[in-house]
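The structure appears below as structure tokens.
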There are 2 protein chains.
Amino acid sequence: MPKGVTKRRPRTRAALLGAALEVFAEQGFHAATIEQICERANYSRGAFYSNFRTKEELFFALFDEHIDRSAERMAAIVEQVTADGEPSVDALAQALSRSRLEPSERAWYLVTTEFTLHAIRTPEAARKLAEHDARARTLLARHIEDLVRRLGRELTVDAEDFARLLVAIREGGLAQSYVEPDRLPPGELDRRFTAPLLAAVTRDASNAR
Amino acid sequence: MPKGVTKRRPRTRAALLGAALEVFAEQGFHAATIEQICERANYSRGAFYSNFRTKEELFFALFDEHIDRSAERMAAIVEQVTADGEPSVDALAQALSRSRLEPSERAWYLVTTEFTLHAIRTPEAARKLAEHDARARTLLARHIEDLVRRLGRELTVDAEDFARLLVAIREGGLAQSYVEPDRLPPGELDRRFTAPLLAAVTRDASNAR
DNA sequence: TGCATCGGATACATACATGTATCGTGGATC
DNA sequence: GATCCACGATACATGTATGTATCCGATGCA
């Protein structure tokens, strides 16, 4: 913490960020008003302007927090799956989809999707998002390669491309799930298709090409 | 056209809808202002309020237009592919991904994604969206079943579920493509993975279970 | 405990989008 | 070609979010 910064500052900052996540999830970024966020956090707009200069800045800060969170989570998943002795495709699929069941996950989905839309319209944001996505994807790709190797098989497609596919299924599947939660539980597509999919893009390692 | 309605009305209405698509794509729904839309269409706000009551109403009208468009397109794809004598998985994948290359496609993607976010937050909109998605999905599922049968194979998974997977890949893939267009051309994931995927979830029809 | 500074609250000025009410012009019907 | 009405333009009133300037209380340090 920088010099001359008291310890209540990080607390109110965190409160504002938490409130912002909820309000953005409920209303969307543009519809959400600074006052609503402050109200939810039990602070005045003075507190807001003392911590952030604009709503955008808050939005970016929120996304940064998500990046950290998501990196930690991905690492935890990888560690957990690799630690469980016997490597298995199902274990990966389970872990990936299970990580989507937390209550706040829906809120994060809404916020990050809105950030994605923002990024598509704004080159600068797109770079930032692409960079983050690339890191997460590479982590996933490495793990898949590792898993495949341990299963005595080998990929017939680029690992990064396959990771892109898994990410697409996850995001696209969540969209469908959240639109009709009782027809398609979150993570269902991943659970059902990851294994056959992986089987389809690998072959027995002993086979010659 | 209802009695007492002159013919310039549908023209200005269409102009407003077209302008709205562009402005919504550029700014997003909430950031877009009614005045910007009118400006783009070369009309005054008076024209707007004469045709629509709120920005939401315009938004819904735009989405309805998309529904029609998309139904026509899906029908055209199915017809085209089935007409081309030899049935093939690649032909389907090609047709599906090719349909994503029109210039206005990006704008529609942005608008419909925003509508999806709106639907996730609003039960009424969710019902409407779900109904539309279900129709499109069923159409796709029927065609897949037909294609699979013609190839002398049979599905090992529910056709609707598989259609859900394809839709997820398409939407999720487009998100990635529009964030980094030069790293992943729109439709690339579909093109690359539809065939192996279909192979993975079917088996030779002559095989006993 | 007293002092200096940080952090948050309050109040006000401003900008801006919205909606409505009214007016004028172009199109349809005779 | 004249009349009437639909349609769009213009002007104005209003609500509301934003940002800033100032004030007061809390926190940390000597």
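Naming convention: chains lettered A, B, ... in sequence-line order (proteins, then strands); numbering from 1 in each chain. Note that this is a predicted model, so its numbers are computed, not measured.
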**Asked** Which of these passes side chain to side chain contact (heavy atoms under 4.5 Å, CB included) with V201(B): D158(B), L165(B), T156(B)?
**Response** T156(B)
Which pairs would a plain distance check flag for residues 176-187 of chain B, meaning a side-chain donor or acceptor within less than 3.5 Å of a matching protein atom at least two apart in sequence or in another chain?
from    : atom 1 : to      : atom 2 : distance (Å)
Q176(B) : OE1    : R164(A) : NH1    : 2.9
Q176(B) : NE2    : R164(A) : O      : 3.0
S177(B) : OG     : G173(B) : O      : 3.1
S177(B) : OG     : L184(B) : O      : 2.8
S177(B) : OG     : P185(B) : O      : 3.4
E180(B) : OE2    : R164(A) : NH2    : 3.0

**Message:** Whether E26(A) and R121(B) form a salt bridge (side-chain N of Lys/Arg under 4.0 Å from carboxylate O of Asp/Glu) is what I want to check.
**Reply:** no
**Complete:** salt bridge (charged side-chain N to carboxylate O under 4.0 Å, His left out) filter on R191(A), not counting sequence neighbours, yields E188(A)
**Heavy-atom pair of closest approach, residues A93(A) and T194(A)** = CB-CB, 3.8 Å
**Fill in**
One would report the end-axis bend of the helix from dT1(C)-dA30(D) to dC30(C)-dG1(D), five pairs per end and rounded to 10 degrees, as 30°
**Complete:** Minimal heavy-atom distance between K55(B) and H30(B), with the atoms involved, is NZ-O, 3.4 Å
**Prompt:** Nucleotide range of DNA chain D contacted by chain B, 5' to 3', under 4.0 Å to a heavy atom?
**Reply:** dA6(D) to dT10(D)
**Where V167(A) and L140(A) come nearest, the two heavy atoms and their spacing** = CG2-CD2, 4.4 Å
**Prompt:** Which of parallel (below 30°), tilted (30 to 60°) and perpendicular (above 60°) describes F63(B) and H132(B)?
**Reply:** perpendicular
**Request:** Check A136(A) against M74(A) and note the closest heavy-atom contact, atom names and distance.
**Result:** O-CE, 3.9 Å
**Complete:** When every non-hydrogen atom of L129(B) is compared with those of A119(B), the smallest separation belongs to CD2-CB, 3.7 Å
**Request:** Kindly assign one of parallel, tilted or perpendicular to the pair F29(A) and F24(A), based on the angle between their ring planes and the thresholds 30° and 60°.
**Result:** tilted
**Item:** Donor-acceptor pair, side chain of S88(B) and main chain of A91(B), under 3.5 angstrom
**Value:** yes
What nitrogen or oxygen pairs link the protein and nucleotides 23-28 of chain C at under 3.5 Å?
none

**Asked** Among residues 33-53 of chain B, which residues get a heavy atom nearer than 4.0 Å to DNA chain D?
**Response** Y43(B), S44(B), G46(B), A47(B), S50(B), N51(B)
